[in-house]
Protein chains: 2
Amino acid sequence: MKERIYNFNAGPAALPLPVLEEIQGEFLNFKGSGMSITEVSHRSKWFDEVMVDATERVRRLLRLDEGFHVLFLQGGASLQFCMIPMNLLLEGQSADYVNTGTWATKAIKEAKAQGKTVKVAASSEDKNFSYIPRNIHFSPDAAYTHITSNNTIKGTQWASFPDTGGVPLICDMSSDIMSRPFDVSPFGLIYAGAQKNLGPAGATLVIIRQDMVDRVPQHLPTLLKYTTFLESNSMFNTPPCFAIYTLQLVLKWLEETIGGLEKMEEINREKASLLYRVIDESGFYKGTAEKESRSVMNVTFRLPSEDLEKQFVQQALEHGLGGLKGHRSVGGCRASIYNATGLDGIKALVDFMEEFARKNG
Amino acid sequence: MKERIYNFNAGPAALPLPVLEEIQGEFLNFKGSGMSITEVSHRSKWFDEVMVDATERVRRLLRLDEGFHVLFLQGGASLQFCMIPMNLLLEGQSADYVNTGTWATKAIKEAKAQGKTVKVAASSEDKNFSYIPRNIHFSPDAAYTHITSNNTIKGTQWASFPDTGGVPLICDMSSDIMSRPFDVSPFGLIYAGAQKNLGPAGATLVIIRQDMVDRVPQHLPTLLKYTTFLESNSMFNTPPCFAIYTLQLVLKWLEETIGGLEKMEEINREKASLLYRVIDESGFYKGTAEKESRSVMNVTFRLPSEDLEKQFVQQALEHGLGGLKGHRSVGGCRASIYNATGLDGIKALVDFMEEFARKNG
């Protein structure tokens with residue numbers, strides 16, 4: 001059995017090794033319960049402690065005040081594309097969406113498919129979604145403004161969040177939540193599939209502000225109402241226990257080993273800048289996102305030919321560097337460098353990239 | 001750290017120890033990928049093999065022909081309560097539901113909340129859901145007939161499935177799927193949350209017949225349409241990989257170690273009869289379900305007093321027998337004895353029950 005590789009997958013993605021080792025160590029007997037975490041009741045004291053700790057860590061890390069609620073759902077960001085307009089965009093209202101790529105496009109499509117009124121306030125489709133729009137005119141009376149904080153496929157990211165003049169921001173943070181500190185106060189709702197920065201696939205973190213909760217219509221199906229999850233502490237029915245447990249350990253690692261979001265951002269910035277420097281200085285690799293819009297999480301780049309890209313991905317894997325192929329919809333190469341990717345992995349990738357460019361440039 | 005206990009939880013529930021050990025053994029490096037199963041891409045060959053194998057095992061174990069499709073969703077049975085009428089009960093149609101307890105009641109409520117026409121064809125509410133209704137008159141023109149095959153809370157189970165005269169059966173089999181062989185041909189749709197007989201919480205198995213697929217309206221939200229999961233091989237978005245992987249290993253254990261559903265049923269019947277015999281012969285314990293409707297999965301019983309029930313649950317745990325408290329809505333005691341509970345656990349419980357009755361009878 002070969003060793004672990006450096007994992008640059010876009011999601012599901014690398015998890016911190018100490019977290020994986022902790023899960024493995026207690027997998028047959030969770031906290032002296034005599035059961036695996038996969039076998040304990042979600043109503044037991046064992047799982048209750050997991051839920052409480054996970055929730056408190058989210059609150060501390062993001063500095064949430066009492067006006068915000070932390071929920072755990074299933075169905076990924078894609079189910080949120082549908083639940084958000086269903087719960088928060090009411091008859092006679094209109095919402096602004098900013099289209100920065102595949103995921104934003106899907107979010108817009110789901111809102112429209114429900115017959116909701118959606119205005120695309122800005123889009124970077126004109127340049128193949130290679131940048132984040134600036135100087136956007138937002139509708140002052142929108143029910144909310146929806147943005148995607150980081151775009152995994154095109155490798156772009158909002159460097160700072162836009163001023164909507166008081167209109168609640170709703171944000172898909174699936175691929176960069178917990179990668180940096182930010183001011184939550186303008187956000188009405190933040191959501192994130194766990195499988196990039198938080199844990200394994202199967203849980204969706206939703207942070208919702210009380211004024212958004214107040215909008216939720218009574219008549220919606222039970223499992224599609226945010227109020228159901230709020231009123232039941234995310235346990236109206238059995239939650240995805242293992243995914244939440246892993247997320248809890250990842251957040252513990254983030255708080256106690258890394259030291260919080262300021263420190264995490266510092267490390268993430270260093271990781272990204274090492275890679276972008278190789279790209280920019282190489283004369284061989286070419287970044288695909290505009291420099292001011294570059295993502296700190298997903299570094300997308302091309303090589304001089306598709307044939308070289310294929311060789312690059314293949315030889316990288318032989319060097320223990322996996323997951324470097326770009327998204328199937330765009331091709332090229334991509335290094336996803338979420339929180340759990342350490343500087344050691346980045347340095348190994350930098351070395352490989354420099355060597356590959358020398359040999360093939 | 002104390003040893004593993006015998007786990008009689010109602011769900012999440014016991015998993016086969018060899019499955020847990022296999023997960024633990026390969027947790028840091030899945031099949032030589034150099035990654036944990038929680039870290040591999042859902043579009044990788046590693047996960048593809050898991051999905052294909054899980055699907056094929058479901059097909060083989062239940063003897064599904066080409067007319068049936070196997071899907072993996074999220075959200076548990078509770079989301080199915082909403083998706084079924086949304087997808088399969090169309091304008092102008094009516095559906096029959098049989099009310100055998102809490103879960104059936106919720107399924108009925110969700111259909112009605114959507115403004116759908118629902119007829120409760122039979123109910124055992126008159127006797128506190130302690131039996132399965134017989135000689136039901138089903139509507140010959142219903143869009144479908146919905147039943148709950150096993151009722152975890154009240155400890156009742158359909159010994160055989162009713163003849164609906166060609167109307168498609170839709171069945172919540174969350175708590176007894178894969179516990180016995182049955183003829184799938186009358187079923188239009190079968191669904192099951194994984195966390196009882198299949199794996200950990202977080203995945204929902206849906207088996208759907210082609211004529212049901214043909215009903216699905218185009219206009220539904222993407223993540224709430226069965227066709228979305230069918231057309232994408234359950235990977236429109238990231239599936240709950242770890243839950244599906246565990247389910248795959250549980251089904252492998254069921255096929256290769258147990259030897260299939262006939263063998264599993266034989267073992268399950270023996271397990272249940274050992275417990276019901278103690279109850280019936282004790283003069284101390286009292287079964288709560290009518291004998292002909294008794295569940296082979298959830299053995300529900302009372303003791304002479306609530307105080308004794310409390311002592312029973314507490315002392316059982318001290319003897320390494322966990323999860324024997326009845327559902328919080330009904331009290332009493334309950335031994336959930338799904339597939340993964342072995343005869344050794346049953347025998348330990350029988351011994352304890354006999355001793356407790358002797359001491360306190």
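Just so it is clear: chains get the letters A, B, ... in the order the sequence lines come, proteins before strands, and each one is counted from 1.
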What parts of residues 82-91 of chain A touch chain B if we use heavy atoms and a cut-off under 4.5 Å?
A:Cys82, A:Met86
Proximal to chain B - members of residues 15-24 of chain A, heavy-atom separation under 4.5 Å
A:Leu15, A:Leu17, A:Leu20, A:Glu21, A:Ile23, A:Gln24
Could you go step by step and tell me if A:Met35 and B:Asn9 meet the side-chain contact (heavy atoms from CB on, under 4.5 Å) rule?
CA-CA 10 Å; A:Met35 297 173 271; B:Asn9 276 332; 3.4 Å; yes
Among A:Ser78, A:Gly320, A:Pro200, single out the residue with the greatest number of heavy-atom pairs under 4.5 Å to chain B.
A:Ser78
Do A:Pro240 and B:Gln74 have side chains that approach each other closer than 4.5 Å (heavy atoms only, starting at C-beta)?
no
Cut-off 4.5 Å, heavy atoms of chain A, and the answer for B:Ala243 is neither
Flag the one option from B:Ala113, B:Cys241, B:Ala14 with the top tally of heavy-atom pairs under 4.5 Å to chain A.
B:Ala14
Report which part of B:His219 has an atom under 4.5 Å of a heavy atom belonging to chain A: side chain, backbone, both, or neither.
backbone
Under a 4.5 Å cutoff for heavy-atom pairs, which residue among A:Ala340, A:Ser41, A:Ala10 has the most contacts with chain B?
A:Ser41
Less than 4.5 Å apart, side chain to side chain, heavy atoms only: is that true for B:Val40 and A:Pro12?
no
Please work out which of the three classes, parallel, tilted or perpendicular, describes the rings of A:Phe27 and B:Phe242, given edges at 30° and 60°.
perpendicular
For residues 315-336 of chain A, the ring-ring contact (aromatic ring centres under 6.0 Å, His included) pairs (sequence neighbours left out) are A:His319-A:Phe352
So which of A:Leu28, A:Ile244, A:Leu79, A:Asn7 has the biggest tally of heavy-atom pairs under 4.5 Å with chain B?
A:Leu28
Donor-acceptor contact below 3.5 Å, side chain A:Asn237 vs main chain B:Gly76:
no
Nearest non-hydrogen partners of B:Ala201 and A:Thr238, listed with the distance:
CB-CG2, 3.6 Å
Side-chain donor/acceptor pairs under 3.5 Å, residues 222-230 of chain B, sequence neighbours excluded:
{"residue": "B:Thr222", "atom": "OG1", "partner": "A:Glu110", "partner atom": "OE1", "Å": "3.4"}
{"residue": "B:Thr222", "atom": "OG1", "partner": "A:Glu110", "partner atom": "OE2", "Å": "2.2"}
{"residue": "B:Lys225", "atom": "NZ", "partner": "B:Gln218", "partner atom": "O", "Å": "2.8"}
{"residue": "B:Tyr226", "atom": "OH", "partner": "B:Gln80", "partner atom": "OE1", "Å": "2.5"}
{"residue": "B:Thr228", "atom": "OG1", "partner": "B:Thr222", "partner atom": "O", "Å": "2.6"}

When A:Ala13, A:Gly322, A:Gly11 are compared by non-hydrogen pairs under 4.5 Å with chain B, the top option
A:Ala13
Any donor-acceptor pair under 3.5 Å from B:Arg4 side chain to A:Asn29 backbone
no
